[in-house]
Amino acid sequence: MSAHPLEIPGHLTLTTGEGGLPKIRIESAFSRAEIYLHGAHVSHFQKHGEPPLLFMSAASEFAAGKPIRGGVPVIFPWFGPRDGYPAHGFARTTEWELVTTALLPNEAFQLVLHLPNSTGYQVEFVMTVGDQLSMELGVTNTSEQPFTFENCLHTYFHVRSISDISITGLSNVGYHDRIADVVTTEGHEPIRFEGEMDRVYFNTSATTEIVDPGLGRKIRIAKSGSQSTVVWNPWIAKSIRMPDFGDEEYIRMVCVESGNVADDQVTLSPGDRAVLAVVLSSESL
Ligand code: BG6
């Protein structure tokens, strides 16, 4: 079989992943990553000498029309349920087109994917894999009317134990508690987990950090073009209800999601472009 023209031999290869879905494997000087064209979905990122940064469910489906559970689902053009339509939009279940690949001067690898068959807007996703994982979701309004959408990089992080981690960066930020369905304000203390959590923090562009003493690691989530941060852990009962998620997997994951949802949704004038950018980095505690 001849190599795909966008492959970079020994470093960026197109292969077949779970469920027979096309997958890109990247080996950089600093890290390894795997990206499915299905959903433009980063399913794996691991710096050399560190445990995986991203959580992937062992129960995930890998099939046309189904979202992958774990990694970084790309949520667009709506967040959450929508009557008669798939939850969290269709971007995460669409096979994206690989457009370009490159080796950058800093030895990171970059790839660009396009969301196909879009009418009235264009969406591209740029991923850079090096010492950090950078992701940029760009949306351009190519129509003659305003275009309104929600977006989110619904990132699942791998942690040692949900009961031991804390999240900083959201002190005094307002949030919608989707479980109690109330709007309230975060306190001064770092966020800790003692049960199911599903919160949409709004009007915040703050950098957050996940402090994980069990893995001896701190993960930093820096973002721009994002006014919402969603923090989610399904805990026990919801884990059992989810068919594509292990009953006890909630212990080893937390979602800290960067995007623009609900009242933070984006409206683009004709010709305008918005970029949601997230940089994930990590260091020892
Ligand atoms: C989170 C939502 O972002 O995604 C939760 O806040 C939801 O309410 C979770 O349960 C997972 O959604 P899905 O569609 O991937 O099961």
Side-chain angles (χ1 to χ4, degrees), residues 12 23-36 39-57 68-76 91-92 104 106-113 124-138 151-160 162 165-170 190-191 201 204-233 252-261 275-285:
L12 191 154
K23 183 175 81 174
I24 299 156
R25 186 179 289 141
I26 297 177
E27 297 266 353
S28 81
F30 321 93
S31 59
R32 288 197 175 138
E34 296 187 349
I35 295 142
Y36 281 83
H41 196 120
V42 183
S43 60
H44 181 67
F45 176 76
Q46 183 168 16
K47 275 165 58 175
H48 299 328
E50 269 196 24
L53 192 83
L54 303 174
F55 164 87
M56 261 303 303
S57 171
I68 294 170
R69 177 72 70 194
V72 189
V74 176
I75 308 304
F76 173 86
R92 66 175 178 166
L104 304 182
N106 66 358
E107 294 186 72
F109 289 88
Q110 188 167 76
L111 46 156
V112 180
L113 274 67
E124 66 171 22
F125 193 40
V126 182
M127 281 155 279
T128 309
V129 174
D131 187 38
Q132 308 175 328
L133 173 64
S134 305
M135 298 173 284
E136 293 182 14
L137 183 69
N151 59 8
C152 197
L153 298 175
H154 189 310
T155 311
Y156 289 72
F157 292 98
H158 165 55
V159 299
R160 170 61 61 80
I162 187 70
I165 65 162
S166 55
I167 297 176
T168 62
L170 294 166
I191 299 165
Y201 291 84
T204 176
S205 55
T207 295
T208 49
E209 290 187 338
I210 302 169
V211 180
D212 182 350
L215 289 181
R217 176 166 74 181
K218 182 163 76 176
I219 299 172
R220 181 170 297 119
I221 304 147
K223 62 177 192 165
S224 62
S226 162
Q227 287 298 310
S228 314
T229 297
V230 182
V231 179
W232 179 61
N233 181 285
R252 295 189 296 108
M253 58 71 69
V254 67
C255 282
V256 179
E257 314 167 26
S258 304
N260 299 282
V261 314
V275 179
L276 160 61
V278 176
V279 178
L280 306 180
S281 58
S282 59
E283 61 188 63
S284 300
L285 279 180

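Every heavy atom of this structure was used, including side-chain atoms; hydrogens, water molecules and symmetry mates were not.
Residues Ala108 and Asn106 come closest through the heavy atom pair N-OD1, 3.0 Å. The minimum heavy-atom distance linking Ile35 with Ala40 is given by the pair CG2-C, 4.5 Å. Nearest heavy atoms, Ser258 versus Ser226: C-OG, 3.8 Å. Minimum interatomic distance between Thr204 and Ala206 (heavy atoms only, all atoms of both residues): OG1-N, 3.1 Å.
The shortest side-chain heavy-atom distance between Val159 and Ile210 falls under the 4.5 Å cut-off. Contact annotation: the side chain of Ile68 approaches that of Tyr36 to within less than 4.5 Å [non-hydrogen atoms, C-beta and beyond]. The side-chain heavy atoms of Met135 and Phe125, taken from C-beta on, include a pair separated by under 4.5 Å. The closest side-chain heavy-atom distance from Asp212 to Ile219 is not below 4.5 Å. Between Ser31 and Val129, the closest side-chain pair of non-hydrogen atoms falls below 4.5 Å. When side chains are defined from C-beta on, Met253 counts as touching Trp232, because their heavy atoms get closer than 4.5 Å. The shortest side-chain heavy-atom distance between Leu111 and Val126 does not fall under the 4.5 Å cut-off. Using a 4.5 Å heavy-atom cutoff, the side chains of His44 and Leu54 are not in contact.
The distance from the CG atom of Leu153 to the NZ atom of Lys223 is 10.5 Å, given to the nearest 0.5 Å.
Between the side chain of Asn260 and the main chain of Asn151, no donor-acceptor pair closer than 3.5 Å is present. Of the possible polar contacts, one joining the His41 side chain to the Gly70 backbone as a donor-acceptor pair under 3.5 Å is found. Between the side chain of Arg217 and the main chain of Glu50, no donor-acceptor pair closer than 3.5 Å is present.
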Are Ser28 and Glu107 close enough, and set up right, to give a side chain to side chain contact (heavy atoms under 4.5 Å, CB included), and what steps lead you there? CA-CA 7 Å; Ser28 81; Glu107 294 186 72; over 6 Å; no

Take Ile167 and Val231 through the test side chain to side chain contact (heavy atoms under 4.5 Å, CB included) and record every step on the way to the result. CA-CA 9 Å; Ile167 297 176; Val231 179; 4.0 Å; yes

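In summary, the side chains of Lys23 and Ser43 do not present any donor paired with an acceptor at a separation below 3.5 Å, with no hydrogens or angles considered.
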